[in-house]
Amino acid sequence: MTFPAWSIAPFVLMLAAIAIAPLVPALAHRWERPRNQLLYALALGLPVAIGVIAAGQGLLVTHAVVEYLQFIILLLTLFVVSGGIFLRGDIAATPRTNTIFLAVGGVLASFIGTTGAAMLLVRPLLNTNSERKHVAHTIVFAIFVVANCGGLLTPLGDPPLFLGMLRGVPFEWTFTLWPEWLFVNAMLLITYYALDRRLVAREAPEDVEIDRTNIVPLRLVGIPSVLCFVAVILTVAFVPSVDATILAHGHAHGMELVPWRELLMLAIAAVSYVIGDKRIRFEENAFEWAPILEVAALFVGIFLTMIPALEVLRNLAPRLPLNEITLFIFTGGLSSVLDNAPTYATFFEMASQMPGAPRVAGVPETMLVSVSLGAVFCGALTYIGNGPNFMVKSVAESHGVIMPSFGGYVSRAFVNLAPNLLAMLLLFIAQPWWAKALGAVLTVAMLIRAVVLARSGHHTAPYEHERAGIPAAAHGPEPDGPKHTGAIPVVDPGDDVPEGLADDGLADERPGGEGPAPAAAHAAQAGTPSDDALPAASTTASENHHTTDLDPGSGAPERTA
């Protein structure tokens with residue numbers, strides 16, 4: 001059956017609500033409630049499902065529902081289990097520390113999944129940066145690296161690659177993608193380190209002093225949940241589940257109807273929740289159900305409304321100019337706004353119809369590389385490209401971090417991630433020599449930009465109101481903070497931007513109010529001199545202020561946790 005082009009309207013409305021509703025003051029307060037998000041998702045999704053069934057395509061609805069349940073049960077299990085694990089301690093939130101956090105998460109993502117790695121590390125990362133005011137950029141890069149780009153090396157890393165394994169791609173084949181994995185993640189980490197050096201210099205000196213003074217060595221706690229985490233990984237790797245395609249066509253019988261994998265994962269989640277340390281879960285991790293409820297509510301609408309969108313795409317495929325470059329662009333572009341797992345499956349089937357050798361699981365290998373890279377990497381371009389993205393955002397917001405809006409996140413992704421992916425495309429996928437030369441030039445340009453940003457951090461002093469904690473009406477509220485009671489709602493990029501910040505992709509990373517001198521209050525509690533007690537040279541914002549003592553790469557003495 002051919003779906004008309006207008007049938008994608010509910011999907012467009014679903015995406016529009018996610019992008020716009022948080023920005024409209026009259027809607028934002030209501031939209032943030034999972035119940036209202038679910039009602040909106042069902043209001044769009046149920047009519048689509050009913051219409052598809054009435055058109056005689058009920059198997060598409062069955063397939064979508066089964067995949068949604070498998071998807072959300074995996075996320076739920078990892079969310080619950082990770083809530084019982086805590087990296088106790090507080091080390092200095094220097095750029096090097098934060099970069100190491102992201103690098104470790106990027107490696108773990110390929111072996112415990114992007115969702116597992118993100119849920120395991122996002123809370124310790126937030127706790128480490130709890131004394132800092134500029135935090136949103138760190139969470140954005142955690143979404144880039146840990147929740148997406150790090151999960152390329154094994155089928156366990158990202159759901160699209162797991163679908164590929166189910167279609168016959170050898171488990172070890174994804175290890176051949178290590179050059180692309182290393183390039184993209186290394187460039188992201190270099191960019192992040194440079195931005196964090198710039199932004200740590202915007203922190204009030206007393207906040208930095210508190211962060212450097214309150215040091216507690218890191219220690220992993222919650223061993224029962226760690227064991228449950230291992231059990232989840234083994235379950236995903238080895239326990240079978242219902243085949244959505246076979247079930248949708250009515251060919252599943254007997255034991256094939258039992259979702260063994262999902263049942264076992266739910267049991268593991270229940271064990272972790274019951275036997276896990278309640279203090280770790282509810283006090284140290286500040287565990288609450290809102291993040292997973294938000295993801296479940298939004299994605300039920302996405303999975304249902306994208307049924308016609310995927311069918312329209314399949315019908316359009318024969319007229320598309322498919323090759324290695326366009327497959328990456330099409331797969332990546334759609335993975336950024338559709339869930340990347342079904343998008344991968346769609347273009348996997350398209351590529352299987354193309355000629356070429358050698359072949360992997362019936363697909364020309366060069367084209368399979370493009371589809372895999374596009375699905376995994378480009379899922380980071382929007383909040384909805386990959387399931388963990390929204391979960392990381394929600395966890396950060398539950399900790400009081402004011403995250404960028406949908407549009408604000410996309411703008412950051414296009415400044416800090418898209419050039420990276422373009423360089424990777426030119427260097428590793430495109431064949432002409434001039435394309436590779438252009439990729440090399442772009443890579444050098446990104447490295448130069450990183451150096452400039454990193455060096456600018458040495459000559460950047462906090463704004464006066466950042467030191468004193470006084471709101472600045474001229475610049476608007478801080479989009480990645482404040483992280484305390486009474487935080488001012490985020491304002492999307494577009495208003496006045498302090499000079500010198502517009503060139504780093506974080507134009508909305510600007511100062512804002514936090515209430516009267518919260519850093520001084522923390523200092524008093526920690527036994528650290530408040531702003532009034534600090535030497536004048538450290539509290540005066542001037543053009544000659546340097547922050548070489550704030551960064552591990554500046555020659556300042558470092559402490560070990």
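Numbers here are sequence positions counted from 1.
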Residues that [X] engages under side chain to side chain contact (heavy atoms under 4.5 Å, CB included), provided they are two or more places apart:
{"X": "L27", "answer": "V24"}
{"X": "T99", "answer": "L189, Y192, Y193"}
{"X": "A297", "answer": "Q37, L38"}

Separation between [atom1] of [X] and [atom2] of [Y], rounded to the nearest 0.5 Å:
{"X": "L44", "Y": "L39", "atom1": "CG", "atom2": "CG", "answer": "11.5 Å"}
{"X": "I72", "Y": "F79", "atom1": "CD1", "atom2": "CZ", "answer": "10.5 Å"}
{"X": "L42", "Y": "L46", "atom1": "CG", "atom2": "CG", "answer": "5.0 Å"}
{"X": "I139", "Y": "F144", "atom1": "CD1", "atom2": "CZ", "answer": "12.0 Å"}
{"X": "D158", "Y": "N340", "atom1": "CG", "atom2": "CG", "answer": "5.0 Å"}
{"X": "L126", "Y": "R123", "atom1": "CG", "atom2": "CZ", "answer": "9.0 Å"}

Quick one: do W289 and L76 satisfy side chain to side chain contact (heavy atoms under 4.5 Å, CB included)? Show the steps, please. CA-CA 10 Å; W289 294 102; L76 171 66; 3.9 Å; yes
Do the side chains of [Y] and [X] get nearer than 4.5 Å, heavy atoms only?
{"X": "T191", "Y": "F141", "result": "yes"}
{"X": "V271", "Y": "C228", "result": "yes"}
{"X": "R412", "Y": "H137", "result": "yes"}
{"X": "T115", "Y": "L74", "result": "no"}
{"X": "E294", "Y": "E32", "result": "no"}
{"X": "F11", "Y": "V48", "result": "no"}
{"X": "H134", "Y": "D196", "result": "no"}
{"X": "L102", "Y": "L188", "result": "no"}

Scan residues 105-122 for pairs that pass salt bridge (Lys or Arg N to Asp or Glu O under 4.0 Å), counting only residues two or more places apart or in two chains.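 Every pair satisfying salt bridge (Lys or Arg N to Asp or Glu O under 4.0 Å) with a residue in residues 105-122: there are none.
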Please lay out, stage by stage, how M265 and L78 fare under the test side chain to side chain contact (heavy atoms under 4.5 Å, CB included). CA-CA 9 Å; M265 284 194 294; L78 293 173; over 6 Å; no
For [X] and [Y], which heavy atoms make the closest approach, and how far apart are they?
{"X": "P34", "Y": "L293", "value": "CB-CB, 3.9 Å"}
{"X": "V146", "Y": "G106", "value": "CG2-N, 4.1 Å"}
{"X": "L15", "Y": "V337", "value": "CD2-O, 3.8 Å"}
{"X": "M14", "Y": "L298", "value": "CE-O, 3.6 Å"}
{"X": "I384", "Y": "S336", "value": "CG1-O, 4.0 Å"}
{"X": "V236", "Y": "R261", "value": "CA-CD, 3.9 Å"}

Classify the ring geometry between F282 and F287 as parallel (under 30°), tilted (30 to 60°) or perpendicular (over 60°).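 Correct class here is perpendicular.
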I would like to know whether N129 and N98 meet side chain to side chain contact (heavy atoms under 4.5 Å, CB included); could you show each step before the answer? CA-CA 8 Å; N129 286 268; N98 287 335; 2.9 Å; yes
Side-chain donor or acceptor of S394 paired with backbone N/O of M391 under 3.5 Å: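 Not a single qualifying donor-acceptor pair exists.
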For the backbone of E262 and the side chain of Q70, can you confirm whether one donor and one acceptor N or O come within less than 3.5 Å of each other?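 Checking the backbone N and O of E262 against the side chain of Q70, no donor-acceptor pair under 3.5 Å is found.
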E397: salt bridge (Lys or Arg N to Asp or Glu O under 4.0 Å) partners, not counting sequence neighbours: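 Testing E397 for salt bridge (Lys or Arg N to Asp or Glu O under 4.0 Å), a comparison that skips the adjacent residues, returns K393.
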Set of salt bridge (Lys or Arg N to Asp or Glu O under 4.0 Å) partners for E288, sequence neighbours left out: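 By the salt bridge (Lys or Arg N to Asp or Glu O under 4.0 Å) rule, E288 matches no residue at all.
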Apply ring-ring contact (aromatic ring centres under 6.0 Å, His included) to [X] and list each qualifying residue two or more places apart in sequence or on a separate chain.
{"X": "W260", "value": "none"}
{"X": "Y383", "value": "F390, Y409"}
{"X": "Y68", "value": "F303"}

How would you list, by chain and number, every residue that makes a side-chain hydrogen bond (donor to acceptor under 3.5 Å, both in side chains) with R33, sequence neighbours excluded?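 So R33 forms a side-chain hydrogen bond (donor to acceptor under 3.5 Å, both in side chains) with H29.
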Test L120 against I112 for side chain to side chain contact (heavy atoms under 4.5 Å, CB included), laying out the working first. CA-CA 10 Å; L120 183 63; I112 66 175; 4.2 Å; yes
Checking side-chain contact (heavy atoms from CB on, under 4.5 Å) against S335, which of L381, T382, T343 comes through?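 Testing S335 for a side-chain contact (heavy atoms from CB on, under 4.5 Å) against L381, T382, T343 leaves exactly one candidate, T343.
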Selection residues 265-278 - residue pairs positive for side chain to side chain donor-acceptor pair (under 3.5 Å), sequence neighbours left out: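 Pairs touching residues 265-278 that pass the test: S225-S272, S272-R281.
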Validation: residues 147-157 side-chain donor-acceptor distances under 3.5 Å, sequence neighbours left out:
unit_1, atom_1, unit_2, atom_2, d
N148, OD1, A380, N, 3.4
N148, OD1, N386, ND2, 3.3
N148, ND2, I143, O, 2.7
N148, ND2, N389, OD1, 2.8
T154, OG1, S110, O, 2.2
T154, OG1, L156, N, 3.2
T154, OG1, G157, N, 3.4

